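Since the structure comes first, as structure tokens, the remarks are kept for the end.
Just so we're clear, the structure is a prediction, and the values are computed from it rather than from any experiment. Sequence positions, counted from 1, serve as the residue numbers for this chain.
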Amino acid sequence: MTYLVEYLPRLNRLSIEIVDGAFHAVTGVKLEGDQFITISIRAKDLIKIRCPLAVKSATPTSVKTLGSNLQISLEVDPQIDTELANNVGDGPDKWSCGWLKSHTSKLGSKNEFQFRCSNCQLELIDSLDFIFKDMPGDYWYELMEFWHCHKPENNQPTDKDYGILKPKNNNTIIIGSFYLLQTINKSLQLLESDGDEALYVCKACRQVIGDKFQNVIRLLKWKLDLKFTAGSGTLISIYNPLLYAVNLFTTKMQSLAIRKFAIEVDAKSVYLWILNTDVDVTIDGRDFRKCLKVLWFSIAKGGESYGGYEQMEIPYKEVRDKLSLALQENTIHSNVEIGSIKYLVSYLPTLV
């Protein structure tokens, strides 16, 4: 038996779908504890379904069967999830200045933590030696045209730089959603090729940590481990490359109202249509929070092209691999046919 439980927060509604079963006579649906729904079937064992969140009450509003599938809709009263509230920063804003201030301990006037090479744990950055500032946004450069209505004409003298935001000195680090910018790092070595590529590698293990960007060092967060003290223990925080992709989609939706994307992944063209955001879901007992609900399909690269999709470039293999894996692992059994296209249905968590 496989099942899906989807919570829509704006409607306070749970939608349950159980596939490949015999559901001729449903005799009862009720809440058990605060996170399980039990379903009574005549002459069958009780079915117990886990919900993606704790609820105070659940009232069935619809119970119906479609072939061998059972669909149930419930109106619920959710409990306040304090654990989720504490982990909201594990989304696209992970390791921002606000995240670091709230998660790491203080030593004097500064918060104490270290960024290390994720492969060999060589210390790359000690927070006590730097000042940290947040990047306004990853689309800073292309949004300049919207923000500065009165930019100077080409030949008008000005002491302002309208296109580049980078550390002012060696003691400042700027934090973006998926990277850190700094001017110098003695634990990294620059490798330049005959082409345009210039990479920074860890001096100890030679893992690529980042690249040269606007003549400064850009460290990729998923190449780092964050070591810090919380309470009486030492913790290690990692950054999932999937956050790069979900932040990219979210930013495009918010700034340009785009919901359809096309991405090249290995030998395939992947088409995504984001239907909804902030969806909590349980898939066969696996909980995912604040998901993007996605319709998607893929074709061989160079095959038939489909209009209406924003072509997106994801330059990092780790991100493409994580995105492809999440799409496949979180795809449910239902399909959606729109015109001549049969879409798969999947969920991309934004808290990972």
Do [X] and [Y] touch side chain to side chain, with heavy atoms closer than 4.5 Å?
{"X": "S62", "Y": "I72", "value": "no"}
{"X": "S237", "Y": "F228", "value": "yes"}
{"X": "I332", "Y": "Y347", "value": "yes"}
{"X": "L53", "Y": "D287", "value": "no"}
{"X": "I39", "Y": "I49", "value": "yes"}
{"X": "L14", "Y": "V5", "value": "yes"}
{"X": "L128", "Y": "F113", "value": "no"}

Over 12 non-hydrogen atoms of neighbours within 6.0 angstrom of [atom1] in [X]:
{"X": "K203", "atom1": "NZ", "answer": "yes"}
{"X": "K168", "atom1": "NZ", "answer": "no"}
{"X": "D129", "atom1": "CG", "answer": "yes"}
{"X": "I238", "atom1": "CD1", "answer": "no"}
{"X": "I131", "atom1": "CD1", "answer": "no"}

Would you mind checking if [Y] and [X] are paired as a salt bridge, meaning a charged N to carboxylate O distance below 4.0 Å?
{"X": "D211", "Y": "R218", "result": "yes"}
{"X": "K106", "Y": "E112", "result": "no"}
{"X": "R259", "Y": "E310", "result": "no"}

Just by distance, with hydrogens left out, do [X] and [Y] show a side-chain donor and acceptor under 3.5 Å apart?
{"X": "D284", "Y": "T2", "result": "no"}
{"X": "S324", "Y": "Q328", "result": "yes"}
{"X": "E17", "Y": "S334", "result": "yes"}
{"X": "N169", "Y": "T172", "result": "yes"}

Please set out all donor-acceptor pairs under 3.5 angstrom arising from side-chain atoms of residues 296-305, sequence neighbours excluded.
{"unit_1": "W296", "atom_1": "NE1", "unit_2": "T331", "atom_2": "OG1", "d": "3.1"}
{"unit_1": "K301", "atom_1": "NZ", "unit_2": "D266", "atom_2": "O", "d": "2.8"}

Test side chain to side chain donor-acceptor pair (under 3.5 Å) applied to [X] - qualifying residues, sequence neighbours left out:
{"X": "E264", "answer": "S269"}
{"X": "D134", "answer": "none"}
{"X": "S118", "answer": "Q207"}
{"X": "S346", "answer": "none"}

Which atoms form the tightest heavy-atom contact between L74 and T61, and what is the distance?
->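 Heavy atoms of L74 and T61 come nearest at N-OG1, 4.1 Å.
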Stepwise, does the side-chain contact (heavy atoms from CB on, under 4.5 Å) test hold for L295 with V345?
-> CA-CA 5 Å; L295 300 184; V345 183; 3.7 Å; yes
Ring centroid separation for Y239 and F115, is it under 6.0 angstrom?
->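 Judged by ring-centre distance (under 6.0 Å), Y239 and F115 do not meet the cut-off.
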Is the gap between the ring centers of F249 and F261 under 6.0 Å?
->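 For F249 and F261, the ring centres are under 6.0 Å apart.
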Any cation-pi pair here, K221 with F178, using under 6.0 Å and within 45°?
->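 No, K221 does not lie over the aromatic ring of F178.
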What orientation do W95 and W99 show, parallel under 30°, tilted 30 to 60°, or perpendicular over 60°?
->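 The rings of W95 and W99 stand perpendicular, inter-plane angle above 60°.
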What about [X] and [Y], same hydrophobic cluster or not, with Ile/Leu/Val/Met/Phe/Trp/Tyr joined at side-chain heavy-atom distances under 4.5 Å?
{"X": "V26", "Y": "L46", "value": "no"}
{"X": "L242", "Y": "L344", "value": "yes"}
{"X": "L224", "Y": "F213", "value": "yes"}
{"X": "I283", "Y": "V19", "value": "no"}
{"X": "Y7", "Y": "L4", "value": "no"}

Between E75 and N12, is a side chain to side chain donor-acceptor pair (under 3.5 Å) present by the stated rule, with each step listed?
-> CA-CA 6 Å; E75 186 174 317; N12 281 338; over 6 Å; no
In Å and rounded to the nearest 0.5 Å, what is the [atom1] to [atom2] distance from [X] to [Y]?
{"X": "L100", "Y": "F132", "atom1": "CG", "atom2": "CZ", "result": "7.0 Å"}
{"X": "D225", "Y": "L122", "atom1": "CG", "atom2": "CG", "result": "12.0 Å"}
{"X": "I341", "Y": "Y271", "atom1": "CD1", "atom2": "OH", "result": "9.0 Å"}
{"X": "I217", "Y": "L180", "atom1": "CD1", "atom2": "CG", "result": "11.0 Å"}

Begin with the C-alpha distance, continue with both residues' side-chain angles, and end with the deciding distance and a verdict on side chain to side chain donor-acceptor pair (under 3.5 Å) for R289 and T350.
-> CA-CA 7 Å; R289 298 299 186 89; T350 64; over 6 Å; no
Got a list of side-chain donor-acceptor pairs under 3.5 Å for residues 312-320, not counting sequence neighbours?
{"unit_1": "K317", "atom_1": "NZ", "unit_2": "D321", "atom_2": "OD2", "d": "2.6"}
{"unit_1": "E318", "atom_1": "OE2", "unit_2": "K223", "atom_2": "NZ", "d": "2.8"}
{"unit_1": "R320", "atom_1": "NH1", "unit_2": "I314", "atom_2": "O", "d": "2.8"}

Between N247 and S177, is a side chain to side chain donor-acceptor pair (under 3.5 Å) present by the stated rule, with each step listed?
-> CA-CA 8 Å; N247 188 60; S177 71; 3.2 Å; yes
Residue pair N330, R286: steps toward the side chain to side chain donor-acceptor pair (under 3.5 Å) verdict = CA-CA 9 Å; N330 301 340; R286 298 177 297 132; 3.3 Å; yes
Does the salt bridge (Lys or Arg N to Asp or Glu O under 4.0 Å) test come out yes or no for E6 and K293, once each step is laid out?
-> CA-CA 10 Å; E6 181 178 293; K293 185 176 182 178; 3.2 Å; yes
